[in-house]
Amino acid sequence: MAQAQRQLASIDVSDPLLYQDDSWRPLFAQLRRDDPVHYCETSPYGPYWSVTRYDDIFAVELDHETYSSASELGGIQVADQPKGQERPNFIRMDPPGHTAQRKTVAPIVAPSNLANFEHLIRERTCTVLDSLPRGKVFDWAERVSVDLTNMMLATLFDFPWQDRMKLTWWSDVAIANVNSPDAVVHSEAERTAELVKMGEYFRTLWNARIDAEPSFDLISMMAHSDATRNMETREFIGNVGLLIVGGNDTTRNSMSGGLLALCENPAQFELVAARRELVPNLVAEIIRWQTPVLHMRRTARRDTELNGRKIARGDKVVMWYISGNRDDDKIERADEFIVDRARPRQHLAFGAGIHRCVGDRLAEQQLRILFEEILKRDLRFEIAGPVKRLYSNFIRGIRALPVRIVN
Ligand code: HEM
């Protein structure tokens with residue numbers, strides 16, 4: 001094999017270090033150009049395909065009969081779920097199970113309910129922004145991103161307010177890469193033990209709500225629906241975990257990634273400050289730019305072909321949203337942060353097809369309000385220390401973002 005081909009064959013984009021040190025761009029650019037559906041034979045997670053171009057990712061998303069999300073086939077991450085400790089939930093299901101369970105929770109993020117949330121989200125956002133120190137360094141990730149998403153999540157579950165930080169903790173536990181030295185848990189057993197505690201806590205809430213009149217929160221909605229009423233323990237933990245991580249880590253990292261992007265692109269900050277009607281575009285661009293969920297994985301249910309490559313039944317197929325969102329063939333000047341794009345919502349950060357993010361509009365709403373309120377206050381920020389990124393190949397996370405308000 002020629003040296004160039006050997007180099008190409010050896011590319012393994014599942015290495016979490018690439019995302020912790022933010023060095024993934026050249027590798028994906030090379031794959032999109034030279035080997036868009038790339039086979040990695042040896043990785044810590046076994047062999048897998050990487051789908052790196054926008055259109056190919058879309059094709060996989062839409063063909064859920066060939067490309068399965070099923071928990072029993074390994075689920076939705078390049079890392080298989082540990083055998084015997086699988087936690088099925090509706091993101092790790094195919095139809096018809098997926099359809100019924102998704103339908104149960106979807107009304108919480110229906111447009112009419114989002115309109116009800118608007119005032120509450122704005123009020124909380126104002127309180128958080130007005131409490132920030134002026135001229136002193138603070139951690140935006142902790143003071144703003146974690147706090148705001150945590151409060152939203154507590155509202156969605158109607159969760160006991162004083163205990164609400166447990167939600168952020170369980171979310172961190174659920175997505176932790178146990179091999180990272182600074183992970184919040186260091187083994188699958190430790191993770192399972194924490195998530196069992198989460199299950200017990202939620203069971204108590206569930207038992208109280210199943211005996212009460214139905215109310216409009218995620219626990220009551222699941223307790224009173226035929227599709228979710230009788231979940232066994234692991235599926236119960238799985239679904240609660242899905243809703244916690246779904247609503248938490250993604251929005252949180254968009255709030256941090258967004259501020260970072262604006263600080264790194266001050267001309268774009270000034271553009272949106274001068275033209276506030278661009279805020280919805282800004283929000284879509286932030287979500288594309290950050291791509292908080294790096295990948296979703298599927299498993300081929302049959303032999304098939306994708307962009308000329310033969311994929312065998314049982315193969316792992318990983319859709320790298322982070323790469324599709326930098327595909328110049330689809331998104332003009334994809335490597336630039338541009339707040340006035342003509343089609344800003346054309347990105348893959350929310351996925352596509354039957355599993356497309358159920359909370360997309362809620363996430364956009366939270367971000368829109370945050371940036372509207374920042375602009376109303378005419379705040380400007382500077383980065384005041386090293387950005388700390390998460391060691392993960394699944395969530396593109398920012399764990400610390402030291403900043404200072406400069407006016
Ligand atoms: C910027 C914020 C967010 C991003 C980038 C994001 C991203 C994603 C992605 C990539 C998927 C999988 C799509 C696919 O497989 O095609 C997904 C699914 C999901 N998300 Fe989000 N998400 C965000 C916010 C939220 C919020 C706020 C909630 C909850 C209220 C939420 C709940 C879910 C759920 C329940 C699923 C599973 C849907 C299904 O399997 O049918 N997400 N999200």
Side-chain angles (χ1 to χ4, degrees), residues 51 57-64 67-71 75-77 88-110 113-114 117 121 145 148-157 167 171 174-175 217-218 221-222 227-228 238-258 283-299 317-322 324-325 345 347-368 370 394-398:
V51 187
I57 293 173
F58 215 81
V60 172
E61 288 274 20
L62 294 195
D63 186 2
H64 58 264
Y67 298 103
S68 167
S69 300
S71 182
I76 48 126
Q77 295 191 33
N89 57 27
F90 70 89
I91 204 172
R92 298 195 192 104
M93 276 181 203
D94 296 326
H98 163 261
T99 323
Q101 292 198 358
R102 178 176 166 119
K103 223 167 128 188
T104 300
V105 299
I108 197 124
V109 283
N113 206 41
L114 294 188
F117 285 147
I121 297 174
S145 313
L148 285 176
T149 43
N150 174 271
M151 288 192 273
M152 188 69 238
L153 209 50
T155 300
L156 295 178
F157 284 110
L167 294 168
S171 173
I175 62 105
D217 67 81
L218 286 169
M221 287 159 91
M222 288 197 287
T228 39
N239 269 315
V240 168
L242 164 62
L243 293 164
I244 292 179
V245 173
N248 184 56
D249 231 326
T250 51
T251 315
R252 178 201 327 184
N253 291 315
S254 302
M255 288 178 176
S256 299
V283 165
E285 180 67 351
I286 286 173
I287 294 170
R288 178 190 78 89
W289 189 248
Q290 178 64 18
T291 310
V293 179
L294 289 160
H295 80 262
M296 283 280 159
R297 164 259 176 108
R298 303 290 186 255
T299 310
V317 178
V318 179
M319 301 174 284
W320 291 101
Y321 299 133
I322 188 76
N325 278 345
R345 294 189 87 240
H347 65 68
L348 290 166
F350 289 124
I354 60 168
H355 288 279
R356 184 187 157 92
C357 179
V358 85
D360 56 354
R361 296 289 178 177
L362 174 60
E364 288 174 339
Q365 181 180 23
Q366 290 174 265
L367 288 157
R368 172 177 55 74
L370 174 61
F394 186 60
I395 295 290
R396 184 156 181 247
I398 295 178

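For ligands, and for the atoms within them, numbers begin at 1 and follow the listed sequence. We use all heavy atoms of the structure for the numbers below, so side chains are in, but hydrogens, waters and symmetry mates are not.
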Among protein atoms, how many N/O/S atoms lie less than 2.8 Å from atom 21 (Fe) of ligand 1? 1

Can you list the ligand 1 atoms lying under 4.0 Å from a non-hydrogen atom of P292? 5 (C)

Out of H295, E61, R297, which one pairs with M319 under the side-chain contact (heavy atoms from CB on, under 4.5 Å) rule? E61

Could you give all pairs that pass the salt bridge (charged side-chain N to carboxylate O under 4.0 Å, His left out) test and reach residues 242-257, with sequence neighbours left out? D172-R252, D249-R252, D249-R399

I need the atoms of ligand 1 closer than 4.0 Å to a non-hydrogen atom of R102, numbered in the order shown. 38 (C), 39 (C), 41 (O)

Do any N/O atoms on T251 end up under 3.5 angstrom from N/O atoms on ligand 1? no

Which atoms of ligand 1 sit under 4.0 Å from any heavy atom of I354? 41 (O)

Could you check which of A349, S254, S69 puts a non-hydrogen atom nearest to atom 1 (C) of ligand 1? S254

For M296, atoms of ligand 1 separated by under 4.0 Å from a heavy atom: 12 (C), 15 (O)

For E364, the salt bridge (Lys or Arg N to Asp or Glu O under 4.0 Å) test, sequence neighbours excluded, returns R345, R361

Which of the numbered atoms in ligand 1 are below 4.0 angstrom from a heavy atom of L156? 30 (C)

Which is closest to atom 15 (O) of ligand 1 by heavy-atom distance: Q365, M319, R298, R396? R298

What do you reckon, does H98 have a nitrogen or oxygen under 3.5 Å from a nitrogen or oxygen of ligand 1? yes

Just jot down the ligand 1 atoms closer than 4.0 angstrom to any heavy atom of A352, in number order. 16 (O)

Which residue supplies the protein heavy atom nearest to atom 13 (C) of ligand 1, what is that atom called, and how far is it? H355 O, 3.1 Å

Donor-acceptor pairs under 3.5 Å, side chain of residues 239-247 to any protein atom, not counting sequence neighbours: which ones?
from: N239; atom 1: OD1; to: F90; atom 2: N; distance (Å): 3.1
from: N239; atom 1: ND2; to: Q101; atom 2: OE1; distance (Å): 3.0

Y321 heavy atoms within 4.0 Å reach ligand 1 at atoms 10 (C), 13 (C), 14 (C), 15 (O), 16 (O)

